[in-house]
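Everything on this sheet refers to the single structure shown next.
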Amino acid sequence: MASQLQASSELGSVGVADVYSDFGRSFERFNTRGQELYLHWAPLREVPKGFSWLKVFYPDLFPEDDHVHFEHVYGEALRELRSVTYRAVDFSSIRRVLDIGCGYASDLIDLAKNHAHLKLDGYNITLAQVEAGGRKVKERGLQDRVRLFNRDSSKDEFPDQYELIQAFQVIHHIEDKRGVLANIQRHLANGGLLVASDIVSTVDETLRHEESEAHLLPRKEWAQLFAEAGLRIIGCVDLSREISNFFDDREYDASMARLKQNITAAESAFIVGPHMLGKLLGTGLAQYLVLTLQKEPFLSRDILLSMNQRYLDAPQAYADIVAHADAEGRFPLEAPRSASTAAAVRSTQSTGGLSLSADPAQARGQLKSFLEERIRKVLQLAKEDTVAFDSTFISLGFDSFTGLQLKNVLEKELGVSLPMSQLFEDLSLDAHVDRMLASVKRAAPAAESPPAATEPSLDVDAMSEDEVNARLQALLKS
Ligand SMILES: C[S@@+](CC[C@H](N)C(=O)[O-])C[C@H]1O[C@@H](n2cnc3c(N)ncnc32)[C@H](O)[C@@H]1O
């Protein structure tokens with residue numbers, strides 16, 4: 001796990017088209033029963049007994065399992081997800097649709113079948129998928145309405161103007177997010193809609209998994225990028241729990257062992273990505289969101305940014321949306337929040353849970369016991385295990401995944417940012433505590449009411465620890 005998940009941009013890119021070509025070879029070879037091939041995860045409210053996403057994606061390799069049932073569960077879940085995704089779209093007023101990472105063109109084919117007036121374009125960086133998708137389009141006699149292009153959505157100008165653009169599990173693969181969003185901005189009609197399903201990092205760093213070409217950007221950066229592209233979020237649904245259920249596979253090791261006998265090393269490295277994503281979603285380090293955005297060319301970037309942030313900070317739970325279907329089965333853009341989901345939103349927003357003493361020695365002791373307790377929890381240490389403060393995080397057994405969990409706790413509960421690169425420095429826990437105290441010290445005045453522009457800025461480093469702690473106390477009480 002440690003070597004797989006990278007929270008920095010140090011590793012070079014292997015190219016998403018290569019990754020998908022490798023993965024696609026086995027996916028197509030061992031998935032010969034499905035009518036359409038979707039490269040999409042499905043939201044499961046419950047995990048059926050014996051379910052594994054590997055069994056759904058590679059059914060021919062698991063002949064003894066109950067495919068009909070699992071494929072049915074997957075198909076229904078995906079259908080429900082698409083209804084939620086398109087819930088704001090009035091297709092009668094849409095003429096042209098673009099899918100910016102169209103896989104095997106399955107969603108375009110579905111739209112073409114359901115709405116005979118639509119003209120649909122698909123971009124896809126992976127040639128083999130475009131060729132396979134093109135064959136399917138032709139077999140279904142849709143070639144006059146569905147065009148597929150083997151192109152890069154972040155670089156190659158889209159061929160037309162559209163009222164609806166869709167991006168299903170694509171943008172996290174694209175490093176140049178600004179490039180793809182600018183392309184969308186140029187080719188989406190004013191008032192037009194972008195619907196997207198994607199994964200965001202809930203910590204303040206981009207999470208990377210090079211083998212599956214995933215670059216999960218922090219939420220606040222998404223808010224900024226959308227605002228820069230003149231896009232306003234009008235709907236935001238959190239499916240993290242349901243998608244993490246999709247990856248909840250008690251027989252993962254056994255299934256992977258079987259799979260590995262039939263696929264290449266690159267393909268199995270790719271599959272680790274989704275499996276790890278399930279863990280990130282389950283532990284709250286990443287969020288899976290379905291977003292509805294509207295092109296707003298006349299709103300200022302600042303206004304768009306604050307609106308976008310508000311939606312991303314408090315997404316609606318998928319369970320709440322699907323619980324409020326109308327008599328015709330249509331889902332609302334927003335729904336009343338159930339008590340449990342409202343509480344969950346509050347807990348993800350809370351920062352600064354620890355109130356440090358004004359006394360420096362006491363503050364240090366408090367921080368150490370806070371840290372020890374959180375380390376024990378994240379590493380699941382037994383009572384008799386010791387947490388020595390002269391050891392490093394690595395020697396305690398932290399890897400990139402548990403490191404991220406701790407980082408998340410520190411950000412949420414202490415308001416302290418701990419870059420992953422620092423966490424894995426050859427530094428004792430004691431030295432980290434010093435750094436954290438200093439960083440809490442720096443954070444305190446900034447979090448207070450900002451001084452008037454004419455006031456001299458506060459020289460925090462010149463303040464005594466007592467003064468800083470006193471300010472921090474006041475802040476935490478306010
Ligand atoms: C997870 S799959 C999703 C496919 C499809 N949207 C679906 O839901 O089945 C991601 C797709 O995005 C494509 N893709 C990734 N980066 C791209 C880029 N820069 N331009 C166009 N397509 C891209 C991949 O080839 C792949 O088909």
Side-chain angles (χ1 to χ4, degrees), residues 13-25 27-28 31 34-43 53 56-57 74-75 77-82 84-86 97-111 120-134 136-137 146-159 164-184 187 194-199 208-217 239 243 246-247 267 270-271 273-275 277-278 288-291:
S13 163
V14 289
V16 73
D18 294 341
V19 165
Y20 264 104
S21 295
D22 284 342
F23 165 71
R25 261 191 293 278
F27 179 63
E28 288 160 45
N31 193 347
Q35 278 285 308
E36 304 291 354
L37 292 177
Y38 297 91
L39 292 168
H40 208 279
W41 322 129
W53 73 276
V56 174
F57 269 56
Y74 173 70
L78 205 52
R79 239 186 305 285
E80 181 184 82
L81 172 58
R82 288 294 182 256
V84 168
T85 308
Y86 291 129
V97 180
L98 170 71
D99 189 326
I100 69 157
C102 66
Y104 293 90
S106 304
D107 286 296
L108 292 174
I109 290 171
D110 288 343
L111 286 180
L120 305 115
D121 288 341
Y123 258 34
N124 192 340
I125 204 165
T126 310
L127 176 63
Q129 290 174 9
V130 172
E131 289 173 347
K136 282 169 184 273
V137 167
V146 181
R147 301 187 296 176
L148 302 183
F149 302 84
N150 177 216
R151 292 193 189 151
D152 181 342
S153 293
S154 67
K155 292 195 176 71
D156 301 317
E157 207 64 30
F158 296 135
L164 174 65
I165 297 183
Q166 59 191 34
F168 299 150
Q169 288 181 189
V170 185
I171 300 180
H172 71 278
H173 282 310
I174 300 179
E175 181 97 68
D176 181 11
K177 293 182 172 46
R178 200 163 261 119
V180 68
L181 288 170
N183 206 359
I184 289 173
H187 293 273
L194 168 67
V195 289
S197 50
D198 226 312
I199 310 128
R208 293 173 193 280
H209 182 249
E210 299 297 331
E211 291 82 347
S212 57
E213 275 287 332
H215 317 279
L216 313 186
L217 230 54
L239 287 72
I243 299 290
F246 185 72
F247 294 114
E267 289 165 294
F270 175 97
I271 290 164
H275 179 65
L277 173 65
Y288 190 104
L289 300 176
V290 164
L291 295 160

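Whatever order the structure lists them in is the order used to number ligands and atoms, beginning at 1. Along the sequence shown, residues are numbered consecutively beginning with 1.
Below 3.5 Å of separation, one finds an N or O of T126 facing an N or O of ligand 1. When only interatomic distances are considered, the shortest N/O to N/O separation between V170 and ligand 1 does not fall below 3.5 Å. Considering backbone and side-chain N/O atoms, I174 never comes within less than 3.5 Å of an N/O atom of ligand 1. Looking at ligand 1, you'll find an N or O of F168 within less than 3.5 Å of one of its N or O atoms. Backbone and side-chain nitrogen or oxygen atoms of H173 are examined, and none is located within less than 3.5 angstrom of a nitrogen or oxygen of ligand 1.
Residue-ligand proximity: R82 is placed with a non-hydrogen atom under 4.0 Å from ligand 1. Ligand 1 has at least one atom lying under 4.0 Å from a heavy atom of R151.
Close contacts of ligand 1 with Y38, meaning ligand atoms under 4.0 Å from a residue heavy atom, involve 9 (O).
When side chains are defined from C-beta on, L81 counts as touching V290, because their heavy atoms get closer than 4.5 Å. Considering only heavy atoms from C-beta on, W41 comes within 4.5 Å of L277 through its side chain.
Using a 4.0 Å cut-off between heavy atoms, Q129 contacts ligand 1 through its side chain alone, with no backbone atom that close. The proximity of I100 to ligand 1, defined as any non-hydrogen pair under 4.0 Å, is limited to the backbone.
Judged by distance alone, the side chain of D198 and the main-chain N or O of Q169 form no donor-acceptor pair under 3.5 Å.
Taking the six-membered ring where tryptophan is involved, the planes of F158 and H187 are perpendicular, since the angle between them exceeds 60° and thus also 30°.
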